[in-house]
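Just so it is clear, the values below take in all heavy atoms, side chains as well, and ignore hydrogens, waters and symmetry mates.
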Amino acid sequence: MNSQRYKKKKVKKTNLPALFAGLLIVGVAFIFSINVLSDNSHIEEETAQQQEQVSKEQFIDRISPHAKELQASYGVLPSIIIGQGILESNWGQSTLASKYNNLFGIKAYGEQKKVNLETREYINEEWIVIQGDFRVYNTWEESMDDHTRLFVNGVTWNPRLYEHVLLAKNYKQAAQALQDAGYATDPTYADKVIHVIESYDLNQYDH
């Protein structure tokens with residue numbers, strides 16, 4: 001009877017130090033990739049904020065020169081013009097401002113070129129949505145001219161309605177004069193105008 005020889009298979013010994021080193025490298029790479037993604041997310045967020053800030057600066061830079069011209073001609077403070085423009089048009093991004101160049105929500109009457117849009121009004125101590133006819137302008141500057149003419153000429157039933165806006169010594173007085181004259185239905189309108197002016201240092205354009 002032939003005896004069979006069985007060769008023992010060699011079992012490879014696991015190189016534990018090398019395996020541990022490999023796992024360590026993979027783990028470090030994974031953590032690094034997470035950190036990179038986190039950093040990129042933070043950078044993207046900062047970039048978006050910077051772009052938003054640039055957009056706001058661009059809006060102010062765009063309308064401030066004409067606001068200064070209107071001050072020289074009629075006396076209305078540029079901070080009031082710019083501050084109201086920001087509030088009324090959402091930095092020029094509203095449909096009325098971006099498509100129809102109406103920065104201040106100026107209403108249309110008679111045969112004036114107009115567009116009908118929804119607007120919010122504060123009536124009987126609550127906000128309601130109504131339809132309104134608004135002026136359509138060729139440029140933002142035209143809208144600013146009309147806005148200033150309102151202060152200068154007043155309204156048919158009271159040509160001196162906005163006299164105190166023009167005579168105001170500073171933006172706080174002018175903002176309060178706007179509210180007292182009934183410029184807006186929002187009971188906190190003056191506070192909002194003042195807040196915007198102070199947040200973006202708009203009174204620097206008044207001098």
Engineer: Which atom names give the shortest non-hydrogen contact between Ile82 and Ala67, and what distance separates them?
Structural biologist: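 Smallest interatomic distance, heavy atoms only, reads CG1-CB, 4.1 Å.
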Engineer: Which pairs would a plain distance check flag for residues 155-162, meaning a side-chain donor or acceptor within less than 3.5 Å of a matching protein atom at least two apart in sequence or in another chain?
Structural biologist:
from, atom 1, to, atom 2, distance (Å)
Asn158, OD1, Arg160, N, 3.1
Asn158, OD1, Leu161, N, 3.4
Arg160, NE, Glu163, OE1, 3.4
Arg160, NE, Glu163, OE2, 3.4
Arg160, NH2, Glu163, OE1, 3.1
Arg160, NH2, Glu163, OE2, 3.1

Engineer: Could you walk me through whether Phe104 and Leu150 pass the side chain to side chain contact (heavy atoms under 4.5 Å, CB included) check?
Structural biologist: CA-CA 11 Å; Phe104 303 95; Leu150 174 64; over 6 Å; no
Engineer: Quick check against the 3.5 Å criterion: does Asp133 have a side-chain atom that pairs as donor or acceptor with the backbone of Ala108?
Structural biologist: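 Looks like no, no N/O pair under 3.5 Å.
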Engineer: I'd like to know if the side chain of Gln84 and the backbone of Val193 have a donor-acceptor N/O pair within less than 3.5 Å.
Structural biologist: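 Checked: no pair found.
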Engineer: Would you check if the side chain of Gln179 reaches a backbone N or O of Ala190 as a donor-acceptor pair within less than 3.5 Å?
Structural biologist: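 Yes, because the side chain of Gln179 sits within donor-acceptor range (under 3.5 Å) of the backbone of Ala190.
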Engineer: So, taking the atom named OG in Ser79 and the one named NE2 in His207, what distance separates them when rounded to the nearest 0.5 Å?
Structural biologist: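 Atom-to-atom, Ser79:OG and His207:NE2 are 8.0 Å apart.
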Engineer: Please report whether the ring centroid of Tyr183 lies less than 6.0 Å from that of Tyr189.
Structural biologist: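 Between Tyr189 and Tyr183, the centre distance is under 6.0 Å.
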Engineer: Take Trp91 and Ile60, measure what side chain to side chain contact (heavy atoms under 4.5 Å, CB included) needs, and give me the verdict at the end.
Structural biologist: CA-CA 8 Å; Trp91 298 93; Ile60 294 172; 3.9 Å; yes
Engineer: Drop me the distance from Lys99's NZ to Leu117's CG, to the nearest 0.5 angstrom.
Structural biologist: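 Reported value, rounded in 0.5 Å steps: 9.0 Å.
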Engineer: Go through the steps for Val76 and His147 under the test side chain to side chain contact (heavy atoms under 4.5 Å, CB included), then give the verdict.
Structural biologist: CA-CA 10 Å; Val76 60; His147 174 256; 5.6 Å; no
Engineer: Just how far is it from atom OG of Ser89 to atom CG of Leu103, taken to the nearest 0.5 Å?
Structural biologist: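 Answer rounded to 0.5 Å: 5.0 Å.
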Engineer: What heavy-atom pair brings Lys107 and Gln112 nearest, and what distance separates the two atoms?
Structural biologist: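 That would be O-OE1, 4.1 Å.
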Engineer: The criterion is salt bridge (Lys or Arg N to Asp or Glu O under 4.0 Å); which residues satisfy it with Asp146, sequence neighbours excluded?
Structural biologist: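 For Asp146, the residues satisfying salt bridge (Lys or Arg N to Asp or Glu O under 4.0 Å) (neighbours in sequence not counted) are Arg135, Arg149.
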Engineer: Just how far is it from atom CG of Leu70 to atom CD1 of Ile80, taken to the nearest 0.5 Å?
Structural biologist: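 If I round to the nearest 0.5 Å, the distance is 13.5 Å.
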Engineer: Throw together a table of side-chain donor-acceptor distances under 3.5 angstrom for residues 164-171, partners on residues two or more places apart or in other chains.
Structural biologist:
from, atom 1, to, atom 2, distance (Å)
Asn170, OD1, Lys172, N, 3.1
Asn170, OD1, Gln173, N, 2.9
Tyr171, OH, Glu198, OE2, 2.8

Engineer: Does any part of the side chain of Glu88, heavy atoms only, come nearer than 4.5 Å to the side chain of Asn102, both counted from C-beta?
Structural biologist: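 Counting from C-beta outward, Asn102 and Glu88 never come under 4.5 Å.
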Engineer: Once rounded to the nearest 0.5 Å, what's the spacing between atom CG of Asn90 and atom OG1 of Thr95?
Structural biologist: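 If we round to the nearest 0.5 Å, Asn90:CG and Thr95:OG1 are 10.0 Å apart.
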Engineer: With rounding to the nearest 0.5 angstrom, report the NZ to OG distance, Lys192 to Ser199.
Structural biologist: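 The OG atom of Ser199 is 13.5 Å from NZ of Lys192, to the nearest 0.5 Å.
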Engineer: Looking at every non-hydrogen atom in both residues, tell me the closest pair between Ser64 and Asp61 and how far apart they are.
Structural biologist: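 What the structure gives for the nearest pair is OG-O, 3.7 Å.
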Engineer: Test Tyr137 against Ile106 for side chain to side chain contact (heavy atoms under 4.5 Å, CB included), laying out the working first.
Structural biologist: CA-CA 10 Å; Tyr137 298 98; Ile106 297 173; 3.6 Å; yes
Engineer: Looking at Glu142, is its backbone amide N or carbonyl O close enough to the side chain of Thr139 to form a donor-acceptor pair, meaning the two atoms are under 3.5 Å apart?
Structural biologist: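 Indeed, once roles are kept as given, a pair shorter than 3.5 Å links the two residues.
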